[in-house]
**Q** 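I have a structure I would like to understand better, so I am pasting it below and will then ask my questions one at a time.
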Amino acid sequence: MIGLPITYSMLQRYEVFMKPSGLHILGTNEAGQDMLLLVLSGTLNSIILSVLVVLGTNIISTILGSLMALYGKVFERLFLRIIDIFIALPSNILIMAISIYIRPSMLWFSLIVLIFGWAQGTRLIWSYTRKIVAKDYINAVRLFGGGNLYILYKHIIREIMPLLLVIALQSARRTILIESSLSFLGITNPEVVSLGKLINNSLQFLYLDVWKWCLVPPLLSLVFILVSLGILGIYTEGKVDRRLKVDRDIGP
Amino acid sequence: MKRLLDYSITLVILLILSFYLPRLIPGDPVSAIFGEEAIANMSEDMIADIRNKMGLDRPLWFQFLIFLRNIFRGDLGYSYYYREYVIDIIRQSFPWTLSLIGVSLSISSILGFLLGLNASYRVGSNYDRVSFIAMVAISSLPEFLVGIILLVIFAINLKILPASFSLSPSIFKAFLLPCISLICVDFPNSYITTRNLAVSIVKERFIQTAKAKLKSDRRIKYVHIGRNVLYPVITRFLLRLSHLFFGVIFIEVVFSYPGIGMALYTSIIHRDYAFVQICVLLMSFIIVTINMITEYLFAGGRT
């Protein structure tokens, strides 16, 4: 629609395996495409995918998790069981299996990752909202005639904001992890540029000297994304735990 | 008991998914299950025979029953790329995978246990901070990246270890690099788990008592604290065992190690789906079963 995600056919072709120079800062790959452009578009594609999944996870887990705690009764028990079953499913292998058969486009892939990834976040929001709902001021709101949706919109969303950050970082990390792993195996959409695919392609030319500019840039880019998400995740988790007074002993 | 029910529902879902997925894609289920290339190489009689055997003209629930019956009989189908029965491929490759996971998980668990206890004793020091951040950084990398980084360093730059697995000249040397990569994948998790568990034990009163009794640091670390974190550390071992069954696929692909992950990869790229279907089912069954056993053994225990 607006040219996203970026595909291989969009990029111009030059000479094959050119060395890094002023014109092509990172040289070209085995198809003659500019390596810098490939790495940047692969990174952009991963970010778009993870934004899609993060938005989905956060919306589902906020609404479902807090409504479960607010309404309680059968609704809560039913969804808790469903969450438990989804957590018990081996999500990585199932995402892989589904991708093998249907080779999903980016939108479908984000939906598949979402289906196997919403449960943890929802459970976290539920367990925290349950504590808020037991507080006195929520009882006071109820006494004054505030309904469940009013409480959710006015009070709960504000209190769980920091948790949403934690869930967002976790699901972004997991999404990029599984996407790059699967595209490394070559079982995602073959047209879409992806860092995992770039790494796998350049692995075949390990014994030529080209790996220095074909393998190292996508590898470093992926390492930077994942390490920064990982460290950021641990730090926010520690901070949020301290703020919400959850004792979990993580972080230095 | 409640959790056991959850896991049994999960197992049923897995069975249904692995049966239903190949039938989900448009087109002929025979070509989805065996792959288009395999179909092209088969004669008309063979295809008709397969159709008859799978009961493709019968209703869907009846096909599912046939699928279940075949699995329980151990008749897992025939792979047209390998020209072997699926059960034979699994029988050949599974010991390789199991030994790789077993050796590296044991080493990383023991190392992580010892070093994690050591770090918990020095919590807040520069050594602890730096190593903690480094461990978080490594643990956030996917398995194949760890494998490739080690491959580039040891096999391409230093040229001291072989890049891909081969039985000659030395099986030990070829085994070393996949094993080290899997240790690197698992060690940060083991280290962080032990450290975080031990940090809360260090604050306990009985550690102060032990210090007052002038026990040596080493004894307090490895005996007093160690004994108290052993239980959750064993739980971690089992949970990671199931987790690594997915991660090992990538390590095997990077080093072309002859395990079940490599067999899966080969059949994916040759679109020989008979093996893929059974392999995915087997691996997810192993993962869920280990998780179930872990929860059954350790539920209600100290965590």
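We name chains A, B, ... by the order of the sequence lines, and we start the count at 1 in each one. Every value quoted in this text rests on a predicted model; they were computed, and no experiment measured them.
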**Q** So what's closer than 4.5 Å to chain A heavy atoms on B/V123: side chain, backbone, both or neither?
**A** neither
**Q** Test side chain to side chain contact (heavy atoms under 4.5 Å, CB included) on B/L14 and A/L89 and set out the steps.
**A** CA-CA 8 Å; B/L14 289 177; A/L89 281 173; 4.2 Å; yes
**Q** Can you list the residues of residues 113-122 of chain A that sit under 4.5 Å from chain B, counting heavy atoms only?
**A** none
**Q** Tell me, side chain or backbone of B/I13 under 4.5 Å from chain A's heavy atoms, or both, or neither?
**A**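 The answer is the side chain of B/I13.
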**Q** Under 4.5 Å from any heavy atom of chain A, what part of B/S242 do you find: side chain, backbone, both or neither?
**A**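 The answer is neither part of B/S242.
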**Q** What residue in A/L185, A/N200, A/I231 has the most heavy-atom pairs under 4.5 Å with chain B?
**A**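 Looking at each option in turn, the highest pair count goes to A/L185.
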**Q** Can you tell me if A/L107 has over 12 outside heavy atoms packed within less than 6.0 Å of its CG?
**A**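 12 or below, so no.
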**Q** Going through the checks in order, is the side chain to side chain contact (heavy atoms under 4.5 Å, CB included) test met by B/V136 and A/Y235?
**A** CA-CA 10 Å; B/V136 170; A/Y235 264 94; over 6 Å; no
**Q** Between A/I225 and chain B, which part of the residue has a heavy atom less than 4.5 Å away: side chain, backbone, both or neither?
**A**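 Neither part; nothing is under 4.5 Å.
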**Q** For B/V288 and A/A88, work out which heavy atoms get closest and say how close.
**A**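 In terms of heavy atoms, the two residues are closest at CG2-O, 3.9 Å.
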**Q** Given heavy-atom pairs under 4.5 angstrom as the criterion, report whether the side chain, backbone, both or neither of A/I176 touches chain B.
**A** neither
**Q** Can you say whether A/I87 sits under 4.5 Å from chain B via the side chain, the backbone, both, or neither, judging by heavy atoms?
**A**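 The answer is neither part of A/I87.
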**Q** Side-chain contact, heavy-atom cut-off 4.5 Å: B/F144 with A/L222?
**A** yes
**Q** Under a 4.5 Å cutoff for heavy-atom pairs, which residue among A/I178, A/L229, A/L219 has the most contacts with chain B?
**A** A/L219
**Q** Once the angle between the rings of B/F250 and A/F184 is folded into 0 to 90°, is it parallel (under 30°), tilted (30 to 60°) or perpendicular (over 60°)?
**A**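 Judged by the thresholds at 30° and 60°, the geometry between B/F250 and A/F184 is tilted.
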**Q** Quick check for you: among B/V280, B/L21, B/I9, which has the greatest number of heavy-atom pairs under 4.5 Å with chain A?
**A** B/L21
**Q** Kindly state each residue pair satisfying salt bridge (Lys or Arg N to Asp or Glu O under 4.0 Å) with at least one member in residues 89-111 of chain A, sequence neighbours excluded.
**A** none
**Q** Which residues, numbered in order, of residues 79-86 of chain A come under 4.5 angstrom of chain B by heavy-atom distance?
**A** A/R81, A/D84, A/I85
**Q** Roughly how far, to the nearest 0.5 Å, is OG of A/S202 from CD1 of B/I148?
**A** 7.5 Å
**Q** Within a strict 4.5 Å, meaning less than it, do heavy atoms of the A/M96 and B/L264 side chains meet?
**A**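 A side-chain contact exists here, since the closest heavy-atom pair is under 4.5 Å.
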**Q** Give me the atom names and distance for the closest heavy-atom approach of B/S140 to A/L177.
**A** O-CD1, 3.5 Å
**Q** Any non-hydrogen side-chain atom of B/I269 less than 4.5 Å from a side-chain atom of A/I187?
**A**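 Result no, sub-4.5 Å side-chain heavy-atom pair not found.
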**Q** Return yes when atom CZ of A/F224 has more than 12 non-hydrogen atoms of other residues, nucleotides or ligands closer than 6.0 Å, and no otherwise.
**A**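 Open: at most 12 neighbouring heavy atoms sit under 6.0 Å from CZ of A/F224.
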**Q** Is any side-chain heavy atom of A/L203 less than 4.5 Å from a side-chain heavy atom of B/L151?
**A**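 Yes. Closest side-chain heavy atoms under 4.5 Å.
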**Q** Pick one of side chain, backbone, both or neither for B/L145, based on which atoms fall under 4.5 Å of a heavy atom in chain A.
**A**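 Looking at B/L145, just its side chain touches chain A.
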**Q** Who pairs with B/E143 by side chain to side chain donor-acceptor pair (under 3.5 Å), at least two apart in sequence or on another chain?
**A** none
**Q** Pick one of side chain, backbone, both or neither for A/I98, based on which atoms fall under 4.5 Å of a heavy atom in chain B.
**A**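 For A/I98, heavy atoms of backbone and side chain both lie under 4.5 Å from chain B.
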**Q** Find the distance between CD1 (A/I234) and CD1 (B/I133) and round it off to the nearest 0.5 Å.
**A** 9.5 Å
**Q** Return the CD1 to CD1 distance between B/I249 and A/I93, rounded to the nearest 0.5 Å.
**A**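 Output value for this atom pair is 5.0 Å.
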**Q** Is the count of non-hydrogen atoms from other residues, nucleotides or ligands lying under 6.0 Å from B/Y20 atom OH greater than 12?
**A**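 Not buried by this count: 12 neighbours or fewer within 6.0 Å.
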